[in-house]
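These notes concern the structure reproduced below.
No experiment lies behind these values; they were computed from the predicted model shown.
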Amino acid sequence: MNLRELAKKLGVSATTVSAALNNNPRHLPFSEETLANIRKYAAEVGYIPNKLPQRIFHPEKNDTLGLLYIQDTAQDRTLPLLQDLLLRLNGCTLEYQLYSCQDPMENPRALVKAIHDMYGMNIRQIVIIGMVSWNYLDNLGTPPGLQIYVIDALQDEVPVLPDIFRCVCTTNRRQFQVDLARKIIAAGYGPILTNTRIPVLNEFGLVSPELILPYYDVCDYYEYGYSQANIVYQLIREGKCRTIMFHNDREAIGIMAGLQKMGVRIPEDVQVIGYNNAAICKYLYTPLTSIAHPANKALNRVMDHFLCGTELPAILFHPLELVQRESSFPLP
């Protein structure tokens, strides 16, 4: 039932119903009894006002928080993050709207278009949940009054950004991965099998190129990782792989399961390291060592700002952490 249908049922105008449901903000000459009866009937039939037109046509009502979810490859990390966030928001009075957009790697215009669409709906505070590279935001401009909070900036170093970026959360991705690769090689656990999603490990001068093997067949799901295990098995037999370090836990779990089915001992024959530290990692038959990303800490800090009024820095830094489990040997 929409507002006009509700007004027809009550035998009054849509303006009268709107005034009743919005506490008569313009102080139109309706009796309190009439307004109270309309509100009572609306509650009985379960009518919920559409907030979107209010935001569009009443610019002063711009306190709705926009949550923009990027459908990227980091679903292991961001989906549980989004679930926890919604549970927290559903227990408070903050009004919010959830939107999603396609992975900017697949559609370069997706993120900017989503932000502009939300801005057009008079949403002025937008929290972006997902991985954001600065080139995704080309042609964004600086819409007046817009405030953007980036939960996961892909680049370790944040460039000088317009004031619309109220807080950017970043971490030490590049340096952490390089340092971890050096530790693995120094401990005698090379060569490392990685994939093209961790390109910094192949940068000239950072790690000896002959000790890093790129894994070009990109795997996005557990099943794909499992099916590619036979390729990795051959590399292990030839002594070309002593450590597997993939860009997400799905791939690492799939590869590990496939190798174990073929009789490969983990970590004795090959050690496996994932990324994201998904909840399932500690419950596997061989618990998976994984790099823990601080996105949950960053998002909690940002939401504390909205819900509790805590201050936020322009750059919010949290380091990565290696959570060591039985799939790898201890590293210093």
Side-chain angles (χ1 to χ4, degrees), residues 67-92 96 98 100 103 127-132 150-154 169-173 176-177 180 184 194-195 197-198 218-229 232 243-261 266-267 270-304 307 316-331:
L67 305 176
L68 179 52
Y69 181 79
I70 300 177
Q71 301 171 21
D72 55 28
T73 58
Q75 303 300 300
D76 293 13
R77 177 169 71 252
T78 50
L79 278 176
L81 201 66
L82 182 62
Q83 182 182 33
D84 292 344
L85 173 60
L86 293 179
L87 287 172
R88 183 177 182 186
L89 285 173
N90 288 337
C92 71
Y96 67 92
L98 176 63
S100 66
D103 187 350
V127 178
I128 303 178
I129 304 171
M131 298 184 296
V132 175
V150 177
I151 298 302
D152 184 9
L154 277 171
C169 307
T170 186
T171 187
N172 56 336
R173 265 189 181 89
F176 184 90
Q177 291 167 350
L180 179 59
I184 290 171
T194 182
N195 55 20
R197 303 266 180 112
I198 311 179
V218 176
C219 305
D220 280 336
Y221 300 101
Y222 169 90
E223 291 82 3
Y224 292 164
Y226 186 89
S227 67
Q228 297 299 323
V232 181
T243 295
I244 298 170
M245 187 164 64
F246 277 173
H247 82 288
N248 65 48
D249 293 327
R250 289 193 308 269
E251 295 182 40
I253 291 171
I255 290 287
M256 188 165 65
L259 291 176
Q260 287 178 318
K261 188 175 181 180
I266 297 174
V270 64
Q271 60 177 4
V272 183
I273 300 172
Y275 190 100
N276 287 330
N277 193 36
I280 193 175
C281 291
K282 59 184 176 183
Y283 299 114
L284 301 172
Y285 178 76
T286 303
L288 177 66
T289 293
S290 185
I291 299 170
H293 191 281
N296 59 329
K297 296 179 182 178
L299 184 56
N300 283 333
R301 284 283 302 276
V302 170
M303 294 313 300
D304 285 344
L307 299 175
L316 182 59
F317 174 82
H318 288 289
L320 293 172
E321 298 177 25
L322 181 66
V323 181
Q324 302 195 58
R325 300 188 180 96
E326 285 85 337
S327 72
S328 68
F329 292 109
L331 290 171

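From L82, atom CG reaches atom CG of L89 across 9.5 Å, with rounding to the nearest 0.5 Å. F246 CZ to I253 CD1: the interatomic distance, rounded to the nearest 0.5 Å, is 12.5 Å. Taking OG1 from T286 and CE from M256, the interatomic distance works out to 5.5 Å, rounded to the nearest 0.5 Å. Annotation: the span from I266 atom CD1 to S327 atom OG amounts to 7.5 Å, rounded to 0.5 Å. Within the model, atoms CG of L316 and NE2 of H318 stand 4.0 Å from one another, a figure rounded to the nearest 0.5 Å. Distance check, rounded to the nearest 0.5 Å: CG of L299 to CG of D304 gives 9.5 Å.
With sequence neighbours excluded, the residues satisfying side chain to side chain contact (heavy atoms under 4.5 Å, CB included) with L331 are L180, I184, A187, Y189, L322, Q324. Among residues two or more places apart in sequence or in another chain, the salt bridge (Lys or Arg N to Asp or Glu O under 4.0 Å) test is passed with E321 by K297. Every residue meeting the side chain to side chain contact (heavy atoms under 4.5 Å, CB included) condition with N296, not counting sequence neighbours, appears here in chain and number order: L81. With sequence neighbours excluded, the residues forming a side chain to side chain contact (heavy atoms under 4.5 Å, CB included) with F317 are T170, N172, P319, listed by chain and number. For T171, the side-chain hydrogen bond (donor to acceptor under 3.5 Å, both in side chains) test picks out no residue, with sequence neighbours left out. When the salt bridge (Lys or Arg N to Asp or Glu O under 4.0 Å) test is applied to D84, no partner is found at least two apart in sequence or on another chain. Under the side-chain hydrogen bond (donor to acceptor under 3.5 Å, both in side chains) criterion, Y96 pairs with N90, not counting sequence neighbours. Checked against side-chain hydrogen bond (donor to acceptor under 3.5 Å, both in side chains), Q71 has the following partners two or more places apart in sequence or in another chain: S100. With sequence neighbours excluded, no residue forms a side-chain hydrogen bond (donor to acceptor under 3.5 Å, both in side chains) with N300.
Taking both residues in full, the closest heavy atoms of T78 and G130 are given as CG2-CA, 4.1 Å, listed atom of the first, atom of the second, then distance. Closest heavy-atom contact between C169 and I151: CB-O, 3.1 Å.
Looking at heavy atoms from C-beta onward, V127 lies out of side-chain contact with L85 at the 4.5 angstrom threshold.
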Under 3.5 Å, which donor-acceptor pairs link side chains of residues 272-282 to any protein atom two or more places apart or in another chain?
unit_1 : atom_1 : unit_2 : atom_2 : d
N276   : OD1    : R77    : NH1    : 2.3
N277   : OD1    : R325   : NH1    : 3.0
N277   : OD1    : R325   : NH2    : 2.9

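For the pair R173 (side chain) and A153 (backbone), a donor-acceptor distance under 3.5 Å is present.
No side-chain donor from either of T289 and Q271 sits under 3.5 Å from a side-chain acceptor of the other.
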